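Report on one structure; see the data block that follows.
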Amino acid sequence: MQKNIQAIRGMNDILPESTPLWRYLEGVLQTVAASYGYQEIRMPLLESTELFKRSIGEVTDIVEKEMYTFADRNGDSLTLRPEGTAGCVRATIESGLLHNQSQRLWYQGPMFRHERPQRGRYRQFHQFGVEAFGLAGPDIDAELILMSARMLERLGLKDNAVLHLNSLGTVESRQIYREKLIHYFEQHQAQLDEDSRNRLYRNPMRILDSKNPQLRDLISRAPKMGDYLDEDSRRHLVGLLAMLDDARIPYQLDPCLVRGLDYYSKTVFEWVTDQLGAQGTLCAGGRFDTLVEHLGGKPTGAAGFAIGMERMVELLRDRRVHDVQVAPQCYLAMMGEAAQRYGIQLAETLRSRLPQLRVLMNCGDAGFKAQLKRADKSGAAIALLIGDDEVRQNRVTVKYLREERTQEQLLLEQLIERLATFVN
RNA sequence: GUGGGCGUAGCUCAGCUGGUAGAGCCCUGGAUUGUGAUUCCAGUUGUCGUGGGUUCGAGCCCCAUCGUCCACCCCA
């Protein structure tokens, strides 16, 4: 048997039954971002591999084993973007957007990581990302967190998520902390599991967010980043917490919160839910003050976050949020060849006169009864009936499908007037 | 990359200790000629994921393979 070609593993189609929900979600996020004065930016899906190696970090899992990397025809190494920040920074530097000015930007679109798919984790997944450049203080961190909180609130998901917060300090203070941590875990090496032992010298902070319950005790007694923060980072964090308190945004300080990408510094945060299984991070972000410089720009403070769209959609699906109108307002049923030719002209006229109207025209052979069934199934409020009689009289029979109302025969202008009341 | 569960009609699934396939939904037609959500009647749908093995005989047992889901890992 010939095998049908299937979608690439971990890359899903978004079918018509869910696209309205996606558009609703995207619409809410865009509206909120705009209400904070953020502008949209669109970057290519493909970037030079070097960009991601330099920004995400050579020793991260993403770069080591999760990137879709391949050679262009001329031999250049290209990579399908595994996240949006790197490309966004590259674009803003390249276009001079950071020259003596700050930028507040958002983007959305697919990202690609070669991981084993599971609930809430796919090889092509979608993010809505927000980035702010050229602003060094805790005020912009607060703005971003407030924005993310508002997004959740608008979507009715405020009670589904908890805000986790931590500070990773500057690169220098983190270096000191890192050594303390290695020293601590070295002394208890026997208690570490295999994963953690592997991470001990490569990325000891990752041991902190291990899920192994046998390590919980050991981890809870480990040195805390908070005790090693430099003065600047400490003041930054205190300032941010005060602003969050003012805004009455509850948060949970989480000394074990470590982000997976190397470029983060100072503030990091995550909105986490317990309703999605193992992949519960809905939204995550933080500051990345050294990245712009690292990619060749002038030293520029920066912060941002990204929302995992699939995870949001899954939460919204449970709540049956449904706001987007796609059903046609009227369905055109026709009997006979003359009626069909009349009807197709009529449908065009209606679309010209009422641009907001959604007209679904019956196509293909079907009995009158079957056409009405289709009209009902389409969700249309009205069926427009055309047969020989209507063609002769130049009228259209209007049948109301969703209300007790006697049907009527209308001339074109009357019909347009009537249909106009169903458009909004 | 490592584990475990599952793969039967378009969808959701049933199929008893092995005897060459079923239900509901959907779709189509009909219950007198041009009037839809209900009801009734009728009909279509499958090399039971794929390949091999055991057996007189396999959807059911064994092996392999692919796919999928969940978890580890990782992260949005």
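Letters A, B, ... are given to chains in the order of the sequence lines, protein chains preceding strands, and every chain is numbered from 1. Computed from a prediction, not measured in an experiment: that's the story for all the values here.
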Nearest-neighbour nucleotide for the Arg119(A) side chain, rC70(B), rC73(B), rG36(B) considered:
rC70(B)
Considering only rU35(B), rC72(B), rG29(B), which nucleotide approaches the side chain of Ala278(A) most closely?
rC72(B)
Tell me if the side-chain of Gln6(A) makes a donor-acceptor pair with the base of rC66(B), cut-off 3.5 Å, by modelled atom types.
no
If you measure from the P atom in rU8(B) to the same atom in rU68(B), how many Å do you get, rounded?
14 Å
Over 60° means perpendicular and under 30° means parallel, so classify the ring planes of Phe128(A) and Trp106(A), tilted if in between.
parallel
Taking only the C1' atom of each, what is the distance from rG43(B) to rA9(B) in whole angstrom?
15 Å
Which sits closer to the 5' end of RNA chain B, Glu270(A) or Asn12(A), going by the nucleotide each is nearest to?
Asn12(A)
Which nucleotide wins on minimum distance to the side chain of Arg402(A), given the candidates rG36(B), rA76(B), rC75(B)?
rG36(B)
Rounded to whole Å, the CG-P distance (Asp209(A) to rC75(B)) equals 7 Å
Hey, is CG on Leu411(A) packed in by over 12 heavy atoms from elsewhere, all under 6.0 Å?
yes
Which word best sums up how the rings of His188(A) and Tyr184(A) line up, parallel for under 30°, tilted for 30 to 60°, or perpendicular for over 60°?
tilted
Separation between CG (Leu384(A)) and CG (Asn362(A)), nearest 0.5 Å, reads 12.0 Å
Does atom CD of Glu186(A) have more than 12 heavy-atom neighbours from other groups under 6.0 Å away?
yes
Hey, does Tyr122(A) reach any base, or is it just sugar-phosphate, or nothing, if we go heavy atoms under 4.0 Å?
base
Return whichever of Glu83(A) or Arg374(A) has its heavy-atom-nearest nucleotide of RNA chain B closer to the 5' end.
Arg374(A)
If we take the P atom in both rA14(B) and rG7(B), what is their distance in whole Å?
8 Å
Which of rG34(B), rA37(B), rA76(B) is nearest the side chain of Glu115(A)? It is rA76(B)
Rounded C1' spacing from rG10(B) to rU28(B) in Å:
14 Å
Distance between the C1' atoms of rC16(B) and rG36(B), in whole angstroms?
44 Å
Applying the Watson-Crick and G-U wobble criteria at under 3.5 Å, what pairs with rU17(B)? Answer none if nothing qualifies.
none
Side-chain-base donor-acceptor pair under 3.5 Å for Arg116(A) and rC70(B)
no
Taking any strand in view, what nucleotide pairs with rC73(B) in a Watson-Crick or G-U wobble way, both distances under 3.5 Å?
none
Looking at rG36(B), rG34(B), rC27(B), which one has an atom nearest to any side-chain atom of Lys377(A)?
rC27(B)
Answer with yes or no whether Lys399(A) presents, from its side chain, a donor or acceptor under 3.5 Å of a partner atom in the base of rU35(B).
yes
Using Watson-Crick or G-U wobble geometry with both distances under 3.5 Å, which nucleotide pairs with rU35(B)?
none
Kindly check if the number of other-residue, nucleotide or ligand heavy atoms within 6.0 Å of CD (Glu403(A)) is above 12?
yes
Between P of rA37(B) and CD of Glu404(A), the distance in whole Å
14 Å
Suppose you measure atom P in rG15(B) against the same atom in rA23(B); what distance do you get, rounded to whole Å?
15 Å
Can you tell me the base-pairing partner of rG67(B)? Count Watson-Crick or G-U wobble geometry only, both distances below 3.5 Å, and say none if there is no partner.
rC6(B)
Under 4.0 Å between a side-chain N/O of Gln118(A) and OP1 or OP2 of rA71(B), yes or no?
yes
When we call it a touch if two heavy atoms are under 4.0 Å apart, what does Ala375(A) touch: a base, just sugar-phosphate, or nothing?
nothing
If you measure from the C1' atom in rG53(B) to the same atom in rG18(B), how many Å do you get, rounded?
15 Å
For the side chain to side chain contact (heavy atoms under 4.5 Å, CB included) test, which of Asp141(A), Ile145(A), Val268(A), Asp254(A) pairs with Leu165(A)?
Ile145(A)
From CZ of Arg121(A) over to P of rC73(B), roughly how many Å is that when rounded to an integer?
10 Å
Can you check the Lys369(A) NZ to rC41(B) P distance for me, whole Å?
16 Å
If I pick the P atom on rU2(B) and the same atom on rU65(B), what distance separates them, to the nearest angstrom?
12 Å
Tyr331(A) has an atom OH; how far is it from atom C1' of rU35(B), in whole Å?
14 Å
Trace of the side chain to side chain contact (heavy atoms under 4.5 Å, CB included) decision for Glu310(A) with Tyr122(A):
CA-CA 9 Å; Glu310(A) 280 80 0; Tyr122(A) 308 98; 3.9 Å; yes
Rounding to an integer number of Å, can you tell me how far Glu131(A) CD sits from rA76(B) C1'?
13 Å
Protein-nucleotide distance (Lys373(A), atom NZ; rU28(B), atom P), rounded to Å:
7 Å
Is the shortest side-chain N/O distance from Arg9(A) to OP1 or OP2 of rG67(B) below 4.0 Å?
yes
Base, sugar-phosphate alone, or nothing: which one does Leu385(A) contact when heavy atoms must sit under 4.0 Å apart?
base
At 4.0 Å (heavy atoms only), tell me whether Glu390(A) reaches a base, stays on the sugar-phosphate, or touches nothing.
base
What's Gly129(A) touching, base or sugar-phosphate or nothing? Going by heavy atoms closer than 4.0 Å.
nothing
If you look at every strand shown and take non-hydrogen atoms under 4.0 Å, does Ala370(A) touch a base, only sugar-phosphate, or nothing?
sugar-phosphate
Within this structure, what is the CG-to-C1' distance between Leu215(A) and rC72(B), rounded to whole angstrom?
14 Å
Gln407(A) has its side chain closest, among rU35(B), rA76(B), rG36(B), to rU35(B)
